[in-house]
Amino acid sequence: MKLQLPFYQNENTLEIAHNLIGKVIVTNFGNAKTSGIIIETEAYTGIVDKASHAYNNKRTARTEVMFGNPGIAYVYLCYGIHSLFNVVTNKPGEPHAVLIRNIKPYKGIAQMLQRRGHNKLTNKLTTGPGTVSQALGIHYSNSGESFLGSKIWIEDCHIQLDKTKIKVTPRIGVSYAGDHALLPYRFVINSNNIN
DNA sequence: CTGACGATTCACT
DNA sequence: GTGAATCGTCAGC
């Protein structure tokens with residue numbers, strides 16, 4: 001079941017970040033279908049969130065996607081090298097997003113290995129937001145792509161997982177965000193707890 | 001136009 | 001644990 005618009009319109013982005021654990025992110029670029037089970041997310045809660053690119057209502061060409069419709073990909077370049085993939089949530093004018101930080105490879109593993117230049121499946125294939133995008137073939141030029149389209153979407157495959165095993169911790173790499181660096185906005189589950 | 005910087009990764013030690 | 005790689009974005013001139 002492909003997730004539909006109401007899932008992304010939830011105004012509680014922490015809830016969406018929590019709910020995305022165990023869902024399956026799928027990409028279909030150039031006839032190569034690849035997917036992974038989401039096992040780590042971070043919530044970025046809009047203009048009041050010091051760690052968000054949209055903090056203080058900052059609208060630029062790059063962040064404009066987050067201010068628009070939910071159910072859209074916000075992808076941006078980090079450190080000049082890595083495309084980081086986010087799910088835009090909430091409603092227009094509320095620039096909330098969820099960063100996908102780690103997935104468990106699911107389908108199209110051979111294609112993901114090739115994109116990453118690996119020759120065997122290890123936990124390094126998709127650990128970290130930059131490598132998730134690289135494995136799935138997502139580039140920052142894909143920012144603005146709708147999850148109701150045919151290139152990128154998220155499915156509920158009814159993956160079995162124990163929700164009590166989901167850990168909540170502060171977000172990674174946001175020390176610049178002052179007191180907001182410690183907010184418990186990161187959700188993670190050990191891939192051993194996924195079937 | 002210019003310069004500083006980052007929601008990171010990887011190879012090394 | 002440490003440090004280099006690398007370039008679009010954005011603020012400021």
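Labels below follow one simple rule: chain letters A, B, ... track the order of the sequence lines, proteins then strands, and each chain is numbered from 1. Given the structure is predicted, the values throughout are model-derived calculations rather than measurements.
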Where each residue is assigned the nucleotide of DNA chain C containing its nearest heavy atom, which of A/Ile81 and A/Tyr140 is assigned the position nearer the 5′ end?
A/Ile81
How long is the line joining OH of A/Tyr79 and P of B/dC5, in whole Å?
12 Å
Using a cut-off of strictly less than 4.0 Å, decide whether A/Arg186 has a side-chain nitrogen or oxygen near OP1 or OP2 of B/dA7.
no
From C/dC10, B/dA7, C/dG8, nucleotide with atom closest to A/Leu77 side chain:
C/dG8
Check whether A/Tyr44 forms a cation-pi arrangement with A/Arg171 (NZ or CZ under 6.0 Å from the six-membered ring centre, at most 45° off the ring normal).
yes
Could you check whether A/Tyr76 gets within reach of a base, just the sugar-phosphate, or nothing at all, counting any heavy atom under 4.0 Å?
base
Heavy atoms under 4.0 Å, any strand shown: does A/Arg62 hit a base, just sugar-phosphate, or nothing?
sugar-phosphate
Can you say whether the rings of A/Phe147 and A/Tyr8 are parallel (under 30°), tilted (30 to 60°) or perpendicular (over 60°)?
tilted
Roughly, in whole Å, what's the span from OH in A/Tyr176 to P in C/dC10?
14 Å
Could you let me know what B/dA11 is paired to, Watson-Crick or G-U wobble, both distances under 3.5 Å, or none if it's on its own?
C/dT2
salt_bridge(A/Arg59, A/Glu64) N-O dist < 4.0 Å
yes
State whether the side chain of A/Tyr185 and the backbone N or O of A/Leu14 hold a donor-acceptor pair below 3.5 Å, judged by distance alone.
no
When the distance from NE2 of A/His53 to P of B/dG6 is rounded to whole Å, what number comes out?
10 Å
Among C/dC10, B/dG6, B/dT9, which is the nearest nucleotide to the side chain of A/Pro129?
B/dT9
Please determine whether a side-chain nitrogen of the Lys or Arg among A/Asp179 and A/Lys50 lies less than 4.0 Å from a carboxylate oxygen of the Asp or Glu.
yes
For A/Glu40 and B/dA7, give me the distance from atom CD to atom C1', rounded to whole Å.
11 Å
Which part of the nucleic acid, if any, lies within contact of A/Arg116, taking any heavy atom under 4.0 Å across all strands shown: a base, the sugar-phosphate backbone alone, or nothing?
sugar-phosphate
How long is the line joining NE2 of A/His82 and C1' of B/dC5, in whole Å?
15 Å
Any base atoms under 4.0 Å from A/Leu84, or only sugar-phosphate, or nothing? Heavy atoms, all strands.
sugar-phosphate
A/Lys124 has an atom NZ; how far is it from atom C1' of B/dA11, in whole Å?
11 Å
Between A/Tyr55 (OH) and B/dG6 (C1'), how many Å, whole number?
18 Å
Interatomic distance where CD1 belongs to A/Ile172 and P belongs to B/dT9 [whole Å]:
11 Å
Testing B/dG6, C/dC10, B/dA7 for proximity to the side chain of A/Asn86, the answer is B/dA7
Identify whether any heavy atom of A/Lys58 sits under 4.0 Å from a base atom; if not, whether one sits that close to sugar-phosphate; answer base, sugar-phosphate or nothing.
sugar-phosphate
